[in-house]
Amino acid sequence: MIRSIRIGVVLILAVAGLCAQPSIAPGGVLNNGSYAKGSNGLGSPVAPGSVVAIFGSFNGVTLTSADTVPLSTNLGGVTVSFNGVLAPLYFTSSGQTNAEVPFEALPAGQTSATVNVVVNVNGTLSAPEQTTIVSTAPGVYTIPPNGQSNAIFIFVDPSDHVVKIAAPTSASASIGYPTAPVPRGTGGFFYATGLGGLIPPVADGSGTCNASTGLCQAVTPTVLVGGITAAVAFAGQAPGFPGINQVNMTIPQNAPTGNAVPLQIQTADGSFTTTAAATIAIQ
């Protein structure tokens with residue numbers, strides 16, 4: 001009898017755990033490139049069309065990654081909404097969901113707004129988490145993915161014509177890709193998110209640009225390499241990757257050298273990546 005009661009209690013607790021209300025951590029909506037937080041240690045503003053990581057407790061969710069584009073707004077029984085607008089999803093798990101902020105999350109004509117973010121797990125809704133949406137909120141993708149490490153700056157090494165990431169040569173094993181310091185004056189590109197609206201506009205979750213050139217551009221940002229302004233040839237949607245921006249640029253001839261030169265973005269409205277920036281190796 002006692003054993004039956006214990007088994008019953010265990011089953012009840014297990015079911016309760018599976019049905020627990022999902023919850024978003026306070027300030028848990030973060031730029032997926034920079035993971036930037038405000039001075040209070042909570043989430044900082046994010047931009048329409050950017051990729052965000054939403055941290056919290058999402059019981060009953062199994063790890064699922066999107067494998068098709070356009071991205072679906074329902075992944076593994078999970079949906080995310082920004083003021084009621086469903087967001088395209090990249091990834092879901094019990095502790096993190098990655099989504100693209102819908103472009104319409106920031107009402108037309110406004111430069112900032114506070115919206116309610118809600119995670120729905122198999123029909124059970126989280127409490128709303130208020131998040132600030134601004135026109136731009138740039139973040140640079142790095143390895144490891146924390147926005148404060150080696151940026152994924154890709155170039156063709158003129159010494160051997162091999163495609164590499166601008167990182168110390170010794171970092172190749174940990175990064176899992178050929179690496180070398182990039183020579184000054186060499187062109188390449190890196191990935192970011194949060195550069196704001198695109199011209200022509202792109203649908204939420206779409207990796208396709210309908211421009212005749214095949215390129216959907218953002219307002220060209222300022223890119224600083226060790227504090228030196230770089231020439232930017234293109235900034236816009238990375239083909240096939242909704243919410244992710246590709247920035248094509250040339251390393252300035254007078255850029256500083258070293259294994260950890262800061263790589264920063266400043267958008268036209270003044271938004272700036274953090275001072276503890278992503279870095280690249282330059283020779």
Side-chain angles (χ1 to χ4, degrees), residues 17-38 40-67 69-106 112-142 144-148 191-196 204-205 241-245 271 273-274:
L18 290 173
C19 299
Q21 182 181 18
S23 62
I24 301 173
V29 181
L30 304 178
N31 181 299
N32 185 234
S34 67
Y35 290 91
K37 297 180 180 180
N40 57 1
L42 301 178
S44 55
V46 295
S50 66
V51 182
V52 294
I54 303 170
F55 294 96
S57 178
F58 312 122
N59 291 326
V61 177
T62 57
L63 193 153
T64 307
S65 297
D67 56 6
V69 173
L71 298 176
S72 173
T73 56
N74 188 316
L75 191 62
V78 175
T79 65
V80 174
S81 63
F82 288 74
N83 268 7
V85 180
L86 292 177
L89 302 180
Y90 262 109
F91 168 89
T92 62
S93 72
S94 60
Q96 177 181 345
T97 292
N98 290 359
E100 182 190 12
V101 179
F103 283 101
E104 54 271 44
L106 184 63
S112 67
T114 299
V115 305
N116 287 326
V117 180
V118 175
V119 174
N120 181 332
V121 177
N122 297 317
T124 303
L125 277 61
S126 71
E129 173 65 22
Q130 290 195 328
T131 298
T132 301
I133 308 292
V134 293
S135 299
T136 63
V140 176
Y141 282 98
T142 64
N146 57 17
Q148 312 298 319
Y191 294 111
T193 193
L195 298 187
D204 295 336
F241 295 96
I244 297 177
N245 305 125
S271 296
T273 49
T274 57

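In this chain, numbering begins with 1 at the start of the sequence shown.
Although no hydrogens or angles enter the test, the distance criterion places no donor-acceptor pair under 3.5 Å between the side chain of Ser81 and the main chain of Asn83. Judged purely by atom type and a 3.5 angstrom limit, Asn31 uses its side chain to pair as donor or acceptor with the backbone of Ala137. Side-chain N or O atoms of Ser271 include one that pairs as donor or acceptor with a backbone N or O of Thr136 at under 3.5 Å. Remark: side-chain polar atoms of Thr142 are paired, donor with acceptor, to backbone N or O of Gly147 under 3.5 angstrom. Glu100 contributes no side-chain N or O that, together with a main-chain N or O of Ala87, makes up a donor-acceptor pair within less than 3.5 Å. Side chain of Ser126 to backbone of Val119: a donor-acceptor contact under 3.5 angstrom is found.
Asn122 meets the side-chain hydrogen bond (donor to acceptor under 3.5 Å, both in side chains) test with no other residue; sequence neighbours excluded. Ser94 is linked by a side-chain contact (heavy atoms from CB on, under 4.5 Å) to nothing, counting only residues two or more places apart in sequence or in another chain. Remark: Pro128 pairs with Asn116, Val118 by the side-chain contact (heavy atoms from CB on, under 4.5 Å) rule, at least two apart or across chains. A search for side-chain hydrogen bond (donor to acceptor under 3.5 Å, both in side chains) contacts involving Thr193 returns nothing, not counting sequence neighbours. Residues satisfying the side-chain contact (heavy atoms from CB on, under 4.5 Å) criterion with Thr64, sequence neighbours excluded, are Thr62, Leu75, Thr92. Partners of Ala53 by side-chain contact (heavy atoms from CB on, under 4.5 Å), not counting sequence neighbours, listed by chain and number: Asn32, Tyr35, Phe55, Gln96, Asn98.
Taking each heavy atom of Ala47 and Ser50 in turn, the nearest pair found is O-OG, 2.6 Å. Nearest heavy atoms, Ser44 versus Ala36: OG-O, 2.9 Å. Here the closest heavy-atom approach between residue Gly139 and residue Ser34 is recorded as CA-CB, 3.7 Å. Thr79 and Leu89 make their closest contact through CA-CD1, 4.2 Å (heavy atoms, listed as atom of the first residue, atom of the second, distance). The shortest non-hydrogen separation linking Phe103 to Gly196 is CE2-O, 4.1 Å. Of all heavy-atom pairs between Leu30 and Gly43, the closest is CD2-CA, 3.3 Å.
The one candidate from Pro70, Pro102, Pro48 that meets the side-chain contact (heavy atoms from CB on, under 4.5 Å) condition with Asp204 is Pro102.
With values rounded to the nearest 0.5 angstrom, Ile244 atom CD1 is found 4.5 Å from Tyr141 atom OH. In this structure, Phe91 CZ and Thr97 OG1 are separated by 7.5 Å, a value rounded to the nearest 0.5 Å.
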Would you check, one step at a time, whether the test side chain to side chain contact (heavy atoms under 4.5 Å, CB included) holds for Asn59 with Val121? CA-CA 8 Å; Asn59 291 326; Val121 177; over 6 Å; no

